[in-house]
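Below is one structure; the comments refer to it alone.
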There are 2 protein chains.
Amino acid sequence: MRPYRAVVLLFQFYPLLLLLQSVSSFPHKIIPRLSPHNKQALILRNPDDVISTSAISSKDFKTFFYKQTLDHFNYAPQSYATFRQRYVVNSKYWGGPTSNSPIFAYLGAEEPLDDDVGFIGFLDDNAPHFKSLSVYIEHRYYGKSVPFGSMEAAMKNDTLRGYFSSTQALADYAEILLHVKHKFSAHYSPIIVIGGSYGGKLASWFRLKYPHIALGALASSAPVLYFDNITPQNGYYSIVTKDFKEASKNCYQTIKKSWAEIDKVASKPNGLSILSQRFKTCSRLNNSSELKDFLDTMYAVAAQYNHPPKYPVTMVCKGIDGAPVGTDIIGRIFAGVVSYRGKRTCYDTNAYNQPSETSVGWQWQTCSEIVMPIGRGENDTMFPAYPFDLNEFIKSCKDLYGVSPRPHWITTYYGGHDIKLVLNRFGSNIIFSNGLRDPYSSGGVLEDLSESIVAVTTPKGSHCLDILHSAKTDPDWLIMQRKKEVEIIDGWLKTYYADLQTLNK
Amino acid sequence: MRPYRAVVLLFQFYPLLLLLQSVSSFPHKIIPRLSPHNKQALILRNPDDVISTSAISSKDFKTFFYKQTLDHFNYAPQSYATFRQRYVVNSKYWGGPTSNSPIFAYLGAEEPLDDDVGFIGFLDDNAPHFKSLSVYIEHRYYGKSVPFGSMEAAMKNDTLRGYFSSTQALADYAEILLHVKHKFSAHYSPIIVIGGSYGGKLASWFRLKYPHIALGALASSAPVLYFDNITPQNGYYSIVTKDFKEASKNCYQTIKKSWAEIDKVASKPNGLSILSQRFKTCSRLNNSSELKDFLDTMYAVAAQYNHPPKYPVTMVCKGIDGAPVGTDIIGRIFAGVVSYRGKRTCYDTNAYNQPSETSVGWQWQTCSEIVMPIGRGENDTMFPAYPFDLNEFIKSCKDLYGVSPRPHWITTYYGGHDIKLVLNRFGSNIIFSNGLRDPYSSGGVLEDLSESIVAVTTPKGSHCLDILHSAKTDPDWLIMQRKKEVEIIDGWLKTYYADLQTLNK
């Protein structure tokens with residue numbers, strides 16, 4: 001098992017961390033908005049799998065750095081600055097340029113690329129079938145692709161921070177992919193872009209914005225509709241709630257009742273000490289919200305990464321439901337924590353708040369561009385009410401960064417409203433894949449938009465599961481989902497090669 | 001007839017002017033690269049038509065200013081600065097939001113909007129038919145939409161100049177069109193974008209990049225393929241040559257021989273005085289290139305704006321061919337000038353070099369982003385050889401502005417290579433219209449790319465003719481071309497309204 005710190009290091013959520021750090025008087029009302037990739041998934045998925053973060057340095061993968069333009073959309077002298085952007089190539093199975101064999105490109109998201117290479121299996125698992133070249137590209141400002149040295153340095157300066165956006169990232173990918181085609185003499189090799197969660201959004205947006213570079217996109221668990229008012233605010237937490245309800249009605253009810261129970265205990269004399277003891281917190285709780293935020297996040301993480309074969313939601317509920325007869329609500333909730341997180345000498349309620357490149361970078365991204373209005377109302381989930389308040393959100397971002405988010409920019413630039421009306425007769429070759437137990441599926445595309453912009457859903461699936469490495473423990477529905485995706489991509493390629501021939505290329 | 005200065009004021013070409021002004025030692029080898037909109041067209045088209053530049057202030061048109069974001073793709077504090085962007089609306093024929101009547105939006109190009117409103121006829125001529133709202137939007141940095149006061153002030157500062165690009169302009173249009181929809185409660189009113197030449201590129205690119213905002217595009221005379229090596233360098237001047245050859249073989253041969261003849265005279269003692277006298281130049285020629293550049297541009301302008309009913313190419317050739325028997329080549333060429341430009345006391349060889357907002361702005365645009373490699377080789381046109389040399393071009397732009405052009409950015413961002421392969425199965429609803437006598441048609445889309453991305457060409461047509469106001473003197477083929485365009489757009493709208501109904505919107 002990986003050390004605990006490593007487990008949570010890459011877990012990001014938004015915008016609790018920096019808010020708590022930098023605006024200590026800020027009310028503890030900030031909902032942890034879960035991030036796409038959570039490497040915790042690795043552990044949850046199969047603790048016995050050895051997934052090496054050093055895959056990137058194995059002999060199959062070659063690392064390159066591209067001299068990337070800092071600002072693609074601006075022509076002031078400072079925009080011409082360049083930085084080194086990392087990408088990694090595996091050419092082991094590639095059929096080579098003479099056969100116009102395809103290129104599969106993983107579009108990195110809000111994290112260093114190091115883990116992805118060993119973690120995202122779809123490219124290399126299917127490379128023998130497609131005879132494809134696998135390319136993994138790191139997102140600007142993460143890992144080894146940070147302009148101006150470190151993420152920390154870049155983020156401190158409000159001018160340097162300005163270049164950190166999805167539109168710049170897509171243009172980076174465009175340049176690198178054209179460069180790779182040139183480098184590998186692969187002019188007519190079709191490119192399929194792949195991404196998960198935020199990276200899935202990037203993949204679908206890339207196909208829409210750069211169809212001349214990518215032939216198609218596999219957008220896994222991409223909540224492209226969680227903007228403006230397209231998706232109900234409580235979409236995310238409604239699915240968390242549904243997951244728990246489906247796992248066990250009793251478990252769901254226990255959790256639902258627990259918040260008031262925690263507050264009740266907390267309000268007693270010495271109540272926080274009692275709670276600290278009962279939850280074996282590593283340090284004494286300063287307020288009940290510390291505990292509630294921890295639990296809140298834990299349930300959401302369990303639902304989002306509710307992967308086979310262990311199914312974390314089931315693990316939590318087993319703990320809650322399996323506590324000895326007579327155990328009170330507090331005791332049952334703690335039993336859920338133990339069941340899910342394992343037996344420990346103490347439980348760190350800041351486990352989900354560890355600073356990382358991802359937490360720092362993603363907070364900025366969500367506070368500038370990727371504004372997802374995730375909230376919940378009174379009694380519409382198993383959680384206490386906490387509606388998303390755009391004005392409050394804007395204010396807190398402005399307090400942090402000095403500039404306001406642009407909450408409508410994503411739908412202005414990428415669209416989203418009336419997506420079926422728009423894409424029914426525009427564009428092609430996108431798979432939106434979603435596991436319906438993934439809370440983010442609430443903001444996903446769940447129905448076919450056209451003949452070739454299609455939805456592939458699995459009722460039992462969780463976040464980004466389809467693009468992870470295949471494993472012996474994979475259930476049939478997951479195997480079938482991946483097979484279906486491969487078949488669809490096969491179809492795109494077949495049509496492309498026929499077109500190529502027709503046009504005598 | 002409008003005063004001469006006004007005629008040429010808006011004529012821009014590239015990059016002769018500033019190069020000559022600021023780099024006086026620069027070799028006189030810079031080809032005048034013709035600009036899209038030339039208001040000279042107005043005069044050529046029908047000198048008796050009164051086309052008012054004050055149409056914009058007539059009662060049918062309402063002028064608005066939108067608070068526009070300076071940099072849409074960057075989140076540094078300075079990117080949040082705003083400027084007033086002008087747009088003009090004519091709602092006289094609009095069917096209103098209840099009928100979801102369409103919005104026709106003219107996307108302004110490299111000039112102030114003032115002239116366009118009275119000049120671009122397609123929107124208002126067809127508004128009664130479509131019951132459409134007409135919207136004209138000014139391009140950033142032109143007319144009354146210049147951030148930081150005047151074009152001159154904005155262009156002097158290399159940081160302020162940086163925000164002047166096509167990608168920012170398209171994002172401006174996106175924001176304004178969403179704003180207009182909101183303002184007119186026209187959420188489901190489909191938008192058709194229209195533009196000519198550079199504005200035509202913008203229109204087609206807008207449909208490709210913002211399909212959720214524009215349902216379709218009419219891209220008139222848009223040389224979207226005049227980038228990288230997609231179109232042969234000599235495409236433009238080959239068509240100028242063809243136009244003259246078709247008008248008169250003798251005329252073409254006379255012009256072809258004239259360059260050496262001019263040089264021969266110039267090399268004589270007192271040769272420049274002789275040429276100055278024979279061409280009645282307003283001031284004495286300093287070198288023969290001054291004269292040759294003038295003639296070069298004049299032929300190109302005549303070909304580009306070879307409009308009915310006068311057909312400037314025919315006018316030039318009538319002068320050349322109609323000179324009295326025995327007239328020498330120099331005399332014939334001068335007769336061509338007189339026939340085309342009218343009888344004057346003297347002829348200003350700088351007529352095409354008058355500084356204007358357009359000449360200043362367009363030079364920057366072509367020296368940063370819109371790099372069109374227009375040149376010509378030895379004996380492949382009626383002009384002297386002057387190949388486009390990218391390195392020389394980059395150097396001259398860098399000398400002028402301190403930064404290099406990004407010659408491959410347009411194809412990276414918008415595509416262009418293998419356009420049929422790419423758009424055959426991606427996108428929809430674009431008309432690429434071209435007059436085949438327009439030299440820019442060499443870089444246009446001249447064949448259907450798919451069922452709904454289509455080419456409409458007219459063998460006798462010239463630059464942007466289809467989107468100008470209709471006139472009594474319009475030949476049948478022009479009337480038919482416009483009719484065809486209207487029918488195609490009718491088809492898009494019909495399908496859209498059916499989709500709207502199917503989706504119960």
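Numbered from 1 within each chain, the chains take letters A, B, ... in sequence-line order. Every value quoted in this text rests on a predicted model; they were computed, and no experiment measured them.
Aromatic pair B:Tyr163/A:Tyr75: ring centres not closer than 6.0 Å. Annotation: B:Phe426 is in aromatic contact with A:Phe426 [ring centroid separation under 6.0 Å].
A cation-pi arrangement is present between A:Lys209 and B:Tyr210 under the rule of less than 6.0 angstrom and at most 45 degrees off the ring axis.
Considering all non-hydrogen atoms of both residues, A:Asp158 and B:Pro77 come closest at OD2-CG, 3.4 Å.
Taking A:Gly402, A:Ser368, A:Ser452 one by one and counting their heavy-atom pairs under 4.5 Å with chain B, the maximum is reached by A:Ser368. In terms of non-hydrogen atom pairs under 4.5 Å with chain A, the most contact-rich of B:Ala171, B:Pro211, B:Gly427, B:Ser166 is B:Pro211. Of all the listed residues (A:Thr167, A:Asn157, A:Leu160, A:Leu423), the one sharing the greatest number of non-hydrogen pairs under 4.5 Å with chain B is A:Thr167. Ranked by non-hydrogen atom pairs under 4.5 Å with chain A, the options B:His417, B:His408, B:Arg406 are led by B:Arg406. For the set B:Ile213, B:Leu215, B:Val403, B:Asn429, the entry with the most heavy-atom pairs within less than 4.5 Å of chain A is B:Val403.
At a 4.5 Å heavy-atom cutoff, the contact between A:Thr159 and chain B is made by backbone and side-chain atoms alike. Only the side chain of B:Tyr188 has a heavy atom closer than 4.5 Å to any heavy atom of chain A. Heavy atoms closer than 4.5 Å to chain A are found in both the backbone and the side chain of B:Glu369. Proximity to chain B involves both the backbone and the side chain of A:Leu421, based on heavy atoms less than 4.5 angstrom apart. With a 4.5 angstrom heavy-atom cutoff, B:Leu500 touches chain A via backbone and side-chain atoms both.
Residues B:Asn74 and A:Asn74 fail the side-chain proximity criterion, which asks for heavy atoms closer than 4.5 Å. Contact of the A:His212 side chain with the B:Asp418 side chain is not registered, since no non-hydrogen atoms from C-beta on lie closer than 4.5 Å. Between A:Thr412 and B:His72, the closest side-chain pair of non-hydrogen atoms is not below 4.5 Å.
Here CG of A:Asp71 is found 8.0 Å from OG of B:Ser79. Values are rounded to the nearest 0.5 Å. Taking OG1 of A:Thr69 as the reference point, atom CH2 of B:Trp409 lies at 8.5 Å (rounded to 0.5 Å). Within the model, atoms CG of B:Asp499 and CZ of A:Arg425 stand 4.0 Å from one another, a figure rounded to the nearest 0.5 Å.
Remark: side-chain polar atoms of A:Tyr413 are not paired, donor with acceptor, to backbone N or O of B:Phe73 under 3.5 angstrom.
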